[in-house]
Enquirer: 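Before anything else, here's the structure in question.
Just so it is clear, the values below take in all heavy atoms, side chains as well, and ignore hydrogens, waters and symmetry mates.
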Amino acid sequence: MIEIVSATRCVECDICVKVCPANVFDATDNGVPVIARQEDCQTCFLCEIYCPTDALYVAEFAEGPTGITEAQADARQLFGSYARALGWKRGKAGGSEFDPTHRLRVAQ
């Protein structure tokens, strides 16, 4: 479940608003999106994965709000942790340097 949008990390790109399939976020006039419908979060992690600045924290096994603060999430290095676990780096896919499929294309 989405827990935090960090106002200090957010660059106001609204990517999280655009990629969320459950329409959890609302864009705002001040630029930093708000979590408007947290209970609708499907824990798909798309917002966290695509965030270019690791400004989001999604709690993996939460069935409701956890009450974690931004300072606690920052201290535990939770911002963008799921994306990093997948090998993504700051909003873009990582690991392409380890992808061997280019050899298959060259060999054909």
Enquirer: Should I68 and I35 be counted in the same cluster of Ile, Leu, Val, Met, Phe, Trp and Tyr side chains packed under 4.5 Å apart?
Expert: no
Enquirer: Is V32 reachable from L56 through a run of hydrophobic residues whose side-chain heavy atoms are each under 4.5 Å from the next?
Expert: yes
Enquirer: With a 4.5 Å cut-off on side-chain heavy atoms, are Y57 and E70 touching?
Expert: no
Enquirer: Within the supplied structure, the quantity of interest is the number of heavy atoms (other residues, nucleotides, ligands) at a distance under 6.0 Å from E39 CD; does it exceed 12?
Expert: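 Yes, enclosed.
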Enquirer: Looking only at heavy atoms, what is the nearest atom pair of A36 and D26, with distance?
Expert: CB-OD2, 3.2 Å
Enquirer: Please check if L86 and V19 belong to a single hydrophobic cluster, counting links between Ile, Leu, Val, Met, Phe, Trp and Tyr side chain heavy atoms closer than 4.5 Å.
Expert: yes
Enquirer: Please report the closest heavy-atom contact between F25 and C16, naming both atoms and the distance.
Expert: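 What the structure gives for the nearest pair is CD1-O, 3.5 Å.
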Enquirer: Looking at every heavy atom in both G67 and Q72, which two are closest together, and how far apart are they?
Expert: O-OE1, 4.2 Å
Enquirer: Return the minimal non-hydrogen interatomic distance between C47 and V58, and the atom names on each side.
Expert: SG-CG2, 3.8 Å
Enquirer: Donor-acceptor pair, distance only, cut-off 3.5 Å: does the side chain of Q38 make one with the backbone of P65?
Expert: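 Flag not set: sc Q38 to bb P65 has no pair under 3.5 Å.
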Enquirer: Test of understanding: clusters of I, L, V, M, F, W, Y form through side-chain heavy atoms closer than 4.5 Å, transitively. Do V17 and V24 belong to the same one?
Expert: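 Same hydrophobic cluster.
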Enquirer: Hey, any chance I49 and I2 share a hydrophobic cluster, counting ILVMFWY side chains that come within less than 4.5 Å of each other, even indirectly?
Expert: yes
Enquirer: Under 30°, 30 to 60°, or over 60°: which ring-plane class applies to F45 and Y82, parallel, tilted or perpendicular?
Expert: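 Aromatic pair F45/Y82 classed parallel.
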Enquirer: On a heavy-atom basis, which atom in P33 and which in T28 lie closest, and how many Å separate them?
Expert: N-OG1, 4.4 Å
Enquirer: Using the test salt bridge (charged side-chain N to carboxylate O under 4.0 Å, His left out), find all partners of D14 that sit at least two apart in sequence or belong to another chain.
Expert: none
Enquirer: Mark yes when over 12 heavy atoms from residues, nucleotides or ligands other than R76 sit less than 6.0 Å from its CZ; otherwise mark no.
Expert: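 Not more than 12 within 6.0 Å, no.
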Enquirer: Side chain to side chain contact (heavy atoms under 4.5 Å, CB included) with S81: which residues, sequence neighbours excluded?
Expert: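 Here the qualifying residues are E48, L78, R84.
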Enquirer: Checking the side chain of T43 only, and the main-chain atoms of M1 only, is there a donor and an acceptor separated by less than 3.5 Å?
Expert: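 It does hold such a pair.
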Enquirer: Which pair of non-hydrogen atoms, one from A55 and one from C51, has the smallest distance, and what is that distance?
Expert: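 Answer, listing the atom of A55 first, then C51: N-SG, 3.2 Å.
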